[in-house]
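Worksheet: the structure to be examined is printed underneath.
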Amino acid sequence: MSGGNFDVIIVGAGFAGVYMLHRARAAGLSAVVIEAGSDVGGTWYWNRYPGARCDVHSLEYSYSFDADVQREWHWSERFAPQEEILGYIRHVADRLDLRRDIRFDTRVMGATFDADHARWTVTTDAGDSLTGSYCVMATGCLSNTKLPDIKGIGDFAGPIYHTGQWPQGGVDFTGQRVGVIGTGSSGIQAIPCIARQASHLTVFQRTPHYSVPARNFQFPEDYIADWKATYPERRVQARNTRVGVLHDFGSGTWDEADPQWRVEELERRWIKGGNNFMYAFTDVLENPETNREIADFVRTKIAEIVKDPATRRKIMPMDYPIGTKRLCIDTDYYATFNRENVALVDLRSEPFSHMTVSAMVTSTGEYPLDALVCATGYDAITGSLNAIAIRGRDGRLLRDAWADGPRTYLGLAVAGFPNLFIVTGPGSPSVFSNMVLSIEHDIEWIGNCIEWMRGNGVTTIEADEDAQSAWVEHVASLAEGTLFTQANSWYIGANVPGKPRVFMPYLGGVDTYQAKCREVAEHGYRGFHVGKAR
Ligand code: N01
């Protein structure tokens, strides 16, 4: 059991916590990171499931704050696999000598603000009690895993894995009958790999997802050399895009484009692979007609790949606009269902009944299993924050303040919770952007804010209630003008029973968001109340 008094307490040692620690040190602040895992990496520490890899170009999904690290690290593939990204974050932590200020295997349970002394007290499951002037929640948007609530699941004798809590050292499914629940990004990556190993794989699908091919490749040396020669310019360009990634952004709507060019363009993007597919036209996520054209194109591709007519019918996404649940990027996902040892169960026509010691039972069938994989996702964006008892001014719990949905100012701060900062919080672009780029932005903003406070004798900073309300309304109005409200996605909390249906990310674009945050800072932190020591 140990405590300590710090300037900054940081929760989480993923991409965000690692950089926050470095930024705090650079400002001459004492800082500590508390991390539940045994190493740095966050998402990339926990998600070791087979096939796990990023869907953002690896040379972009990396820190830009240190020119030496940026130049030295060698990315080997277009979409880096989990182990390479984890290796990268570990390298950064070692290179910047960060580990000595990170407490691993320790979970934060509570954080309470003491208004009299303007300090946060953070408590952990190890019995630690630490105090800090500022508390930074670097807890990640997709950290709080969600298991399905199936009657009798506890009776199952085989192992049950969640993709987001995968065992260290991996799992060997050779010769086993495996069930996978979930066909989102994690399931779609894991399913082809598990199918190649297991004797039989049963995929339990509730909603068919749209997926486009990754077309991953190993980088040729000259490709990397060219990229690195122009890295600084590319980083600036990326920050000036809507999503913080150098996609090939189309400049017009579907209607404005020549009919023959439209189809050729979609074909070109399908062959190129990756998320770029969604950016051919500017109105894909606003105009239902355009969206239907893009979805039809993908459905045609699926129909060409999946051979069995019954499986094809089940796997075809039909009832929500493409892109309104996160678009999946796959390698051989649809073709996997042509394998003899793979079966697809449509839970809409035959819902789960219960589990026995050795099988999954649905309303019409029984599926013998040796192991079960839950690719069932997360209580996203707010889950990891609400899991901690965060008490602000007057002892109010954050999860109570957010009972009707999250309320933040800029996604970075919350009224009633002074000196608490959230990295990529609800109301910021977060999951609608290159996460590493957004993390860097948020941390630089927080670091600059703390430096400004200290330079100006300011001891507390707190979002103004009205400024926060205006921001919450702005975030909601951006979502209302889109098709996103039509899907039951985790963006909107629909995957967690009882969670308020509120669209959480900021859709105004990374470029606009960052300009707004800059403007707030340049105007003396407009929309915040600041307090000075008496
Ligand atoms: O989780 P998900 P994920 N019974 O929530 C189903 C990022 N990511 O871990 O759609 C039956 O997307 C659920 O069904 P439905 C990325 O941002 C990125 O796959 O809710 N089924 C769905 O099919 C991604 O979006 C990468 O009807 C149940 C699946 O489980 C986010 O993480 C890779 C169920 C969950 O899909 C989350 O992805 C991996 C139940 N009770 C993840 N509960 C890359 O960069 C849930 N489901 C490539």
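Both counts, for ligands and for their atoms, begin at 1 and track the order of listing. Bear in mind that the values here come from a model prediction, so they are computed numbers and not experimental data. Note: hydrogens, waters and symmetry copies are ignored here, and every other heavy atom, side chains too, is used.
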- Message: So which atom in Pro426 and which in Trp402 form the shortest heavy-atom distance, rounded to 0.1 Å?
- Response: CG-CH2, 3.7 Å
- Query: Nearest heavy-atom pair of Val178 and Leu369: which atoms, and what distance?
  - Reply: C-CD2, 3.7 Å
Which protein heavy atom lies closest to [atom], and at what distance to 0.1 Å?
| atom | answer |
| --- | --- |
| atom 1 (O) of ligand 1 | Gly377 CA, 3.2 Å |
| atom 36 (O) of ligand 1 | Gly184 CA, 3.6 Å |
| atom 6 (C) of ligand 1 | Gly182 CA, 3.7 Å |
| atom 26 (C) of ligand 1 | Ser185 CB, 3.8 Å |
| atom 37 (C) of ligand 1 | Trp490 NE1, 3.8 Å |
| atom 7 (C) of ligand 1 | Leu142 CD1, 3.7 Å |
| atom 23 (O) of ligand 1 | Thr183 N, 3.0 Å |
| atom 41 (N) of ligand 1 | Pro148 CB, 3.5 Å |

- Message: ring pair (Phe, Tyr, Trp, His ring centres under 6.0 Å), that's the test. Do Tyr61 and Phe15 meet it? Break it down for me.
- Response: CA-CA 10 Å; Tyr61 191 82; Phe15 266 104; 5.4 Å; yes
Check for a donor-acceptor pair, side chain of [X] on one end and backbone N or O of [Y] on the other, with a separation under 3.5 Å.
| X | Y | result |
| --- | --- | --- |
| Glu350 | Ser363 | no |
| Asn291 | Ile322 | yes |
| Asn216 | Phe79 | yes |
| Asp308 | Thr311 | yes |

- Return the option from Lys325, Arg206, Arg53, Gln189 holding the heavy atom at the smallest distance from atom 43 (N) of ligand 1. Arg206
Would you mind listing which atoms of ligand 1 come within a distance below 4.0 Å of any non-hydrogen atom of [X]?
| X | answer |
| --- | --- |
| Ile181 | 11 (C), 21 (N) |
| Phe352 | 4 (N), 11 (C) |
| Cys54 | 45 (O) |

Could you grab the distance from atom [atom1] of [X] to atom [atom2] of [Y], nearest 0.5 Å is fine?
| X | Y | atom1 | atom2 | answer |
| --- | --- | --- | --- | --- |
| Phe297 | Glu267 | CZ | CD | 4.5 Å |
| Tyr491 | Ser430 | OH | OG | 9.5 Å |
| Thr282 | Asn287 | OG1 | CG | 9.5 Å |

Of the side chain and backbone of [X], name the one, both, or neither that has a heavy atom under 4.0 Å from an atom of ligand 1.
| X | value |
| --- | --- |
| Tyr49 | side chain |
| Thr207 | both |
| Ser186 | both |

Proximity flag [X] to ligand 1, non-hydrogen atoms under 4.0 Å:
| X | result |
| --- | --- |
| Ile329 | no |
| His209 | yes |
| Leu347 | yes |
| Phe204 | no |

- Task: Could you say whether the N/O atoms of Ala375 and ligand 1 ever approach to under 3.5 Å?
- Result: yes
- Message: Exactly one of Trp46, Tyr378, Tyr49 should register a ring pair (Phe, Tyr, Trp, His ring centres under 6.0 Å) with His162. Which one does?
- Response: Tyr378
- Only one of Tyr63, Trp73, Trp75 clears ring pair (Phe, Tyr, Trp, His ring centres under 6.0 Å) with His91; which? Trp73
